[in-house]
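My structure is below; once you've seen it, I'll send some questions.
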Amino acid sequence: MREPVGHYVPHTDAEIDAMLAALGLSTVDELFAAVPQALRLAGGLDLPPGLSEPDVLARLEELAARNQVSGRDLVCFAGAGAYDHEVPAVTRSLAGRAEFVTAYTPYQAEVAQGVLQALFEFQTMVARLAGVGVANASLYDGASATVEAVNLATSSSGRPSVWISQGVHPHWRQVVTTFAAGEGRDVVEIPLEDGLTAWPDARNGVGAVVAAYPNYLGCLEDLARARRVADDAGAPLVVAFDPVAAGLLRSPGSWGADVVVGEGQAFGTTLNFGGPYLGLFACTEEHVRRLPGRLVGQTVDTEGRTSYVTTLRTREQDIRRERASSNVCTNQTLMAVTAAIQLGWLGTSGLNEVALRCARGARYCRQALLAIEGVEPLVSAPVLREFAIRAPVEGEVLVERLAEEGFLAGVPLGPGLEASGCDGGLLVAVTERRTRDEIDAFAAAFEKAVR
Amino acid sequence: MREPVGHYVPHTDAEIDAMLAALGLSTVDELFAAVPQALRLAGGLDLPPGLSEPDVLARLEELAARNQVSGRDLVCFAGAGAYDHEVPAVTRSLAGRAEFVTAYTPYQAEVAQGVLQALFEFQTMVARLAGVGVANASLYDGASATVEAVNLATSSSGRPSVWISQGVHPHWRQVVTTFAAGEGRDVVEIPLEDGLTAWPDARNGVGAVVAAYPNYLGCLEDLARARRVADDAGAPLVVAFDPVAAGLLRSPGSWGADVVVGEGQAFGTTLNFGGPYLGLFACTEEHVRRLPGRLVGQTVDTEGRTSYVTTLRTREQDIRRERASSNVCTNQTLMAVTAAIQLGWLGTSGLNEVALRCARGARYCRQALLAIEGVEPLVSAPVLREFAIRAPVEGEVLVERLAEEGFLAGVPLGPGLEASGCDGGLLVAVTERRTRDEIDAFAAAFEKAVR
Amino acid sequence: MGGDTKGFAADAAGGRASSAPLMGRESEPTLFELSQPGRRAWSLRTTGVPEWTPEELVPRAHLRAEPVEVAEVSERDLVAHFTRLSHRQYAVDVGAYPLGSCTMKYNPKLCDAVAGLPGLTGAHPAAPASLVPGWLELLVALEEALCEVTGMAAATLQPAAGAAGELTGLMLMRAWHEAGDGSRRRRVIIPDSAHGTNPASVALGGYEVTTVASDARGCVDVTALEAVLDETVAGIMLTNPNTLGLFEEDIASIAAAVHEVGGLLYYDGANLNAILGVARPGDMGFDIVHMNLHKTFATPHGGGEPGAGPVAVSERLAPFLPGPRPVRQPGRGGDGDGGERFGWEMPTRSIGRVHSWHGNAVVLARAYAYILANGGDGLRRVADAAVLNANWLRQRLRGSYDIPYDRPNMHELVVSAANLKRRSGVKALDVAKRLLEEGFHSPTVYFPLTVEEALMIEPTETESPQTLEALAHALEVIAAEALGDDPGPAKEAPRTTPVSRVDEARAARQLVPTWDARP
Amino acid sequence: MGGDTKGFAADAAGGRASSAPLMGRESEPTLFELSQPGRRAWSLRTTGVPEWTPEELVPRAHLRAEPVEVAEVSERDLVAHFTRLSHRQYAVDVGAYPLGSCTMKYNPKLCDAVAGLPGLTGAHPAAPASLVPGWLELLVALEEALCEVTGMAAATLQPAAGAAGELTGLMLMRAWHEAGDGSRRRRVIIPDSAHGTNPASVALGGYEVTTVASDARGCVDVTALEAVLDETVAGIMLTNPNTLGLFEEDIASIAAAVHEVGGLLYYDGANLNAILGVARPGDMGFDIVHMNLHKTFATPHGGGEPGAGPVAVSERLAPFLPGPRPVRQPGRGGDGDGGERFGWEMPTRSIGRVHSWHGNAVVLARAYAYILANGGDGLRRVADAAVLNANWLRQRLRGSYDIPYDRPNMHELVVSAANLKRRSGVKALDVAKRLLEEGFHSPTVYFPLTVEEALMIEPTETESPQTLEALAHALEVIAAEALGDDPGPAKEAPRTTPVSRVDEARAARQLVPTWDARP
Ligand SMILES: Cc1ncc(COP(=O)(O)O)c(C=O)c1O
Ligand SMILES: Cc1ncc(COP(=O)(O)O)c(C=O)c1O
């Protein structure tokens, strides 16, 4: 027997015939009578015939085998918003439960309490991390969360002009810029000086101020300063934070952020070549009616039992259509559920411990690399778990060379930081998974690579 | 923070103190007051302190990396009761559901309908495969099923003497012999001649006749003959069958077997270095009250709903203790559930197709190997999916040599087949997973290896 | 409390008995209620790195005074909690999910295996192309397949969902016009039956929405359309088949008319399931198409995704696509399959990046595996069965529900409970809730807006005729019940679900968006 | 049936609505009812092997005439079916499971990851030792750890479960005696509280069971024991703590007495959880010990296993162990960790093989991972918490239930509903069923046989004090309810479970062991 055409269609030919007969039709083609003949695709799709499942898996395994990946092939010192954190079997196992994986948006709350409650827990944890009152049920990724934050901030201030620090991830800034075109927004990038944003004196026209904490170079920005800049402009302050670093750092909310966004990949999601990731979005209660995306609220059922339901739905596009606060419909719920599980696994002490171990590893690694002749810190501002260096050899070359030694050395600096003077540098990240032995071996290989 | 002692114990020290206080105790040691001081282990266990979970995983990964395994390192042509069959993601995923994995024996039927119904479905499928009326809910493995079959047969005939064909897996025969000592059973092995059992004329004292179908050398035994031998002796006929081959072959029941046993690993369980596997056990209705192990029956609940429950429990040791039909308590339920899923996946056509593809692959591979100079068939009896050859080089040496070329060439023959003249031979198995290219490459490597 | 044993409060904290519906309908406490100070589940590698204190590592001004309180539970309680929550959740793997416009088809477990391959999941997104040739080849191959399916020339895989694809498409529209005569074009036309994301995206794209009404057939009224077409129109967004499940038969003349005034045609490809291998947006005259891979290409919906919303365009729009794009570099020989090399390339007039990295890569890998498994012929069979199922259901439901546009539909159908409501007071929502009791997820309700008391049913191709029959039967029973003596069951439904009907109004009125916000 | 549409019977076949308790308490059809001719889920590699027909491959006499009818379902229906079945199943991951003697502790997911390592699961059991050094090292290291835990000299890992271990142990006993003065020894002594597998194994081992009564403390009556000891005794089987959860304090004198007459002491290690790191069977004088790794060492019970029942013995019995055994071959340098080599060795006087291959290897790997994670100190803490939990519960349940042996227990406790039964008619079984409604699995009932209306409760160390409190509370409520106005709830329980009380008598009377056997 051969692979049947359309393996996942259960219908037997006899059933198809019976169903067609019930419709008074004799061929499947007649189902498409409404499609004008001229538009019908003659000869079918020019794609190879279907493969058996094991053949598909073999093909994908073969592609996968050709990548050099963290864990199997490389010890990872790359970060820049995508981190090699511990993902325990328990998180994988729970987040992989079919009920979470194969459900859709909880439109019918009565049969979606599982996802709804997990999201409610997620929202609570994100709001606590961010230090503000509300968090939504996820956005696509850090970049999309930043775009939505800018939208919220400018629509709140009523002014379309945005000041965004070059300490915000270059890709996120690019996405903000891409979409700014639509609303005729004017995005001004504020460069870094020695690792920290060189905020100019605030002008009145500014409608949103966006900073990062720690910033792209790993440096601890002076958010009090950013807050003052925003205050001077009368604009909301958006802070793109690192939710892992938040285990040790003051929360953006405590610095006065109005909107807090971030990338939540670190909480239980593997590197995934960049996606799916998890956009975190939190803000002060004041802005809740402008909140983009889904929001779950606690309520009761007709018998008074605690229940959960998506709420304030009038913000959403299926109700307000073009007047919605955002166009986001489906988001990254499974990653949010994953993050809730992973945060439950970490708990209060684990979150703190991961941040601490990252910081310790980064300190140790930084010391080891800076001990190498010719390797210098790129900036002098204080850092936490990620740091930028300059070596006698360009970042990109270092990455290629060290890959041969089994290390992903970091992320080369340059594009998007033109005015911040980082060209040729390398951004190195250390997570709690890096051991002293790995760091020592990395430093030894690094020493050879810079020669 | 360090790894806590006893990671899976949730109690905080404060809780332990509170609980001790409630018991009027002040130290944990006092809980063990009943253990005489002289028997207390001074200094604790001489085992290293606990490791963190990722450290444990790293240690196991390191051990696992040192094995040469089917799929990752070797193309598998070894069988002998342990086969490299397709295990699709869907089987792994369903059989891995926590409700199946972390439940116990369905003692409380009302909250165990999931496992019970799956076992009922399993029993039905096994009985159909075997061609007899009843099947139990699993035994440990093929060997234990054979032991239990011998027990059933001799207790039914009332005579402790057993004739067992050397076509039965040598290990299974060894296990039968090991346990025969207990009941003073006399086990006579009947050798093969040119691949088929050379049954002597039946003697009256024989209490059980055991044959295999196909036998260990892959040959199709004449079960009509075995049935006659059993009839002449007035003894039940036990047939150890290959449940995959059963997709093409007449069922043992149709040949007149009273008890049918087998190894069910082929249905969804990976090679697992030999365990856990799945003992299949089926028999005619006549013997149901001597059936070893668990049996699930259909019934109703107080509201008349179809329900399932373990039944005829009076056979079991928790009721009849030393008069039980067997001592088996826990068995291999998860593998039985796995087999039910895998058989559901295969379905009527898939089961047939797998058997057919194995047979085709075996024919193709056998032809290719026999075309090599010096390679000869070991026996001339007809085979299905496994075959024995003799080459100028001993089986054990061939296996070592071909492993270097990336093949697990088969299972060397010898021990347990002394009187059957197989020494130095090699047993080669081909499953539906072996492609023509793999077989061609194997034959090419084989040709080099026999030189 | 008995004995002289100190008790541990069991109701609000810690070890609750199972509250999974397996054991009745008790609610499950939150993680915060389960929390006990000092418990922990985490376990991390032993690193041997020097153990500097927080004070040594973090400048005082930046150091938080108190740890972030998350929750403190054992691994055992964590597992029980989320396992019980999963038991309170309906899903495709549990039963049929005929949620219109959402294409809740079965998601092959094969694709889960693909999504778990360490060689895919372990790749860092900033790794240079030379380290990830397998990923690049996969993305390029997927893009090519999607272009073949849609009849377009090139695509971006970056958008993370359908709505992101829409906005990307509108930015492409804008960039195209700006490169030409864009300044005057401020309007985008949308039919009144459109999905809510369409107008929202148009607004975010900086355009005005011009709504065009449907005609009596449920399709775009071509005359009405022509009346609003002029050179201020940037384009039109359509989905074909439309949200009523009907094929826009006049698509060729619509395309001609829009192109005539210099506008572009945008295809909302959420409904691609219906026309796989039958017809292609490109051949219909569309310029831009987004696809919801999480619908048509069977990547699981994850309780609300992750999805993937690639956007494919015609040749002339290709230079504007977001980037960097994965591309073949055929000239260079080398390390890929068959000696090909792959790299990243920025389209010459790119609108820029629309995702933090390269899109929802692992979702893309799932979709690629699904396409390989189906092949061209299999995809066509998907469309056949999807359309057959929907038509069969329409025919079958005649008599129990109004069918506003009772003509051959494509992959879904919209029925109306308007009649039911008039005669018994039972609304579309009540039907939906009552259906939950019958063990089915409900259809989409109150969408499209053009149909009163709409119930939008999309059976998908993976449900068998037997399941359709059971669904139809349940819907019939509900209608009969309502029209008979007792509309009560529907109005009071659901009663057998983990919770009964939830108070949505109260959720919005007394907003409790976090555990800490409880009154 | 409405419309003019041909119907597909939905009740007995095919697409049922969800019957998971999530959606109420409908039953789930069997796979056979879901079956539709021509459907299929399977998908196999494309091999390119010539497609000989069955007739060309199988001699006519052997070829079956008809295919084996299994069932014919789509992958989608297969998934829904078994997912729904899983929703009808209680499990440790769902809630507390205080099933006495079964040690239903939490099974770390870490061990699932270990059990899924392709480098372990892909090993063929007949592969020569040189190809599987990792496996051999693992088995040797596990054996060594188990010997340390039990205080024994050597072990076999072959037995697949506790009962298999028992029988293996009895064969060892027999072989030992046969090598000496075996012929006269025909009896094995077992206390009346023993687990049912003990007498069954003794019988299968070819011995007679001599039962010795427990004394008022619930322990072996040493005088009664001495009375039955003579040179026909091959040995004694004990579990310590015994099945009442009590430590046999006289174990040293028991051992001396049995050894005195030349008998051996067999330790049923199912209850090892209580004494990990506290005391060791070897130090108590035992000669043979089996362990239930699936209990003490947290390998999941799989709805009835796979388990693993290694047997450890003292030095003098080591030559009799089953084989081949995995061993270090220190002299030979080589490919193992630290230059060690590993191989297989047959003990000189081996009783032979007791498993098809090397035992339930993957279960053994799980247990090894669990031991590594706990370490020596962690295992001790397991015992501490297990014993603490059980004692706390005993104290807490005083007053609501009779506690026949109300003195410090070890890892489990036995309470009695005898009083309850006398006063209200509510039996142990009713309490168990009523407890299901409260969301807990029930304790073991009617075992040990020495206690009337026994409820054997083993909380295990992984349940928190809060869970214990909830469990105790539920048990108290049940007792109070029964003694109050209305014993009904318990007698009619359970009513909120997927099915209500099942008719066990009918199951045995009208035996339906397969779908085909339905009347
Ligand atoms: C017709 C239609 N268009 C657009 C979308 C938006 O897609 P997404 O939810 O992935 O953003 C959807 C799905 O929700 C849809 O059904
Ligand atoms: C005390 C005791 N001994 C022996 C056994 C038998 O072990 P198994 O069920 O693994 O065969 C058990 C468990 O059932 C037990 O609890």
Side-chain angles (χ1 to χ4, degrees), chain A residues 5-6 9-10 28 31 34 45 47 49-50 53 56 63-64 66-70 94 97-99 102-105 109-111 113-115 124 140-141 143 174 178 182 270 273-276 297-299 301-302 307 311 317-318 321-322 324 327 330 333-334 345 347 350 352 359 411 435-436, chain C residues 41-42 47-48 57 67 72 82 85-86 88-93 110 117 119 121-126 131-132 134 160 163 196 199-201 203 205-206 209 247 301-306 352-353 356-357 360-362 372 375-378 381 384-385 387 464 497 499-500 502 507 512 514-515:
Chain A
V5 172
V9 171
V28 173
L31 288 166
L45 291 169
L47 292 174
E53 290 203 338
V56 173
L63 287 171
R66 279 196 271 126
N67 299 320
Q68 302 237 19
V69 299
S70 170
L94 292 172
R97 285 190 60 82
E99 297 87 341
T102 73
Y104 194 34
T105 306
E110 295 81 4
V111 293
Q113 290 296 300
V115 164
T124 302
Y140 307 135
D141 57 9
Q174 287 169 28
T178 301
T270 44
F273 200 45
Q298 201 182 52
T299 183
D301 74 355
T302 51
S307 315
T311 191
Q317 10 61 36
D318 54 337
R321 299 176 73 83
E322 68 261 38
N327 73 333
T330 51
T333 302
L334 188 60
W345 179 74
N352 180 269
V411 178
T435 64
R436 182 180 192 139
Chain C
W42 62 269
T47 63
L57 293 162
E72 298 179 79
F82 284 102
L85 285 186
S86 77
R88 299 169 73 76
Q89 180 64 44
Y90 196 91
V92 168
D93 278 10
L110 166 71
L117 290 174
T121 60
H124 194 285
L131 297 183
V132 286
S201 299
V209 174
F247 194 83
H301 283 69
E305 309 307 332
R353 194 180 265 287
S356 289
W357 299 102
N360 280 348
V362 173
L372 288 181
D377 46 0
R381 188 155 176 118
D384 289 350
V387 173
S464 68
T497 42
V499 295
S500 59
V502 302
V512 184
T514 67
W515 175 252

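Side chains are part of it too, since the values below use all heavy atoms of this structure and drop only hydrogens, waters and symmetry mates. As the structure is a computational prediction, the values presented were derived from the model and not from experiment. Here is the naming used below: chain letters follow the sequence lines, and residue numbers restart at 1 for every chain.
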Side chain A/Gln68, main chain C/Leu131, donor-acceptor under 3.5 Å: no
C/Asp93 side chain near A/Glu99 side chain, heavy-atom distance below 4.5 Å: no
Region of A/Thr311 that comes under 4.5 Å of a non-hydrogen atom in chain C: side chain
Chain C contact via A/Leu31 - which portion, at a heavy-atom distance below 4.5 Å: both
Contacting region of C/Val362 [heavy-atom separation from chain A under 4.5 Å]: both
Donor-acceptor under 3.5 Å (C/Asp377 side chain, A/Pro49 main chain): no
Interatomic spacing from OG1 in C/Thr497 to CD in A/Gln113 - rounded to 0.5 Å: 9.0 Å
Nearest-0.5 Å distance, CH2 of residue C/Trp515 to CD of residue A/Gln298: 6.5 Å
Among the listed options C/Ala41, C/Gly206, C/Ser356, C/Ala200, the residue most often paired with chain A at heavy-atom distances under 4.5 Å: C/Ser356
Heavy-atom pair of closest approach, residues C/Ala123 and C/Val132: CB-CG1, 4.0 Å
Under 4.5 Å from any heavy atom of chain C - which part of A/Val9: both
Segment of A/Arg321 engaging chain C (4.5 angstrom heavy-atom cut-off): both
Rounded distance [0.5 Å steps], NE2 in C/His124 versus CZ in A/Phe273: 10.5 Å
Top contributor to chain C interface from A/Pro276, A/Gly350, A/Ala143, A/Ala64 [non-hydrogen pairs under 4.5 Å]: A/Pro276
Residue, of A/Val411, A/Leu47, A/Thr178, that accumulates the most heavy atom pairs under 4.5 Å with chain C: A/Thr178
Closest-packed option against chain C by number of heavy-atom pairs under 4.5 Å, given A/Ser70, A/Pro10, A/Gly275, A/Ala103: A/Ala103
Options A/Val28, A/Thr124, A/Thr105, ranked by heavy-atom pairs under 4.5 Å with chain C, top entry: A/Thr124
Most chain A-contacting option - heavy-atom pairs closer than 4.5 Å, from C/Gly303, C/Ala126, C/Gly205: C/Gly303
OG1-OH distance between A/Thr330 and A/Tyr104, expressed to the nearest 0.5 angstrom: 4.5 Å
Interface moiety of C/Leu117 toward chain A, non-hydrogen atoms closer than 4.5 Å: side chain
Chain C contacts, top residue of A/Val56, A/Asn352, A/Thr102 (heavy-atom pairs, under 4.5 Å): A/Thr102
A/Asp301 side chain vs A/Ser307 backbone, donor-acceptor pair below 3.5 Å: no
Among A/Leu334, A/Thr435, A/Asn327, residue most engaged with chain C (heavy-atom pairs, under 4.5 Å): A/Asn327
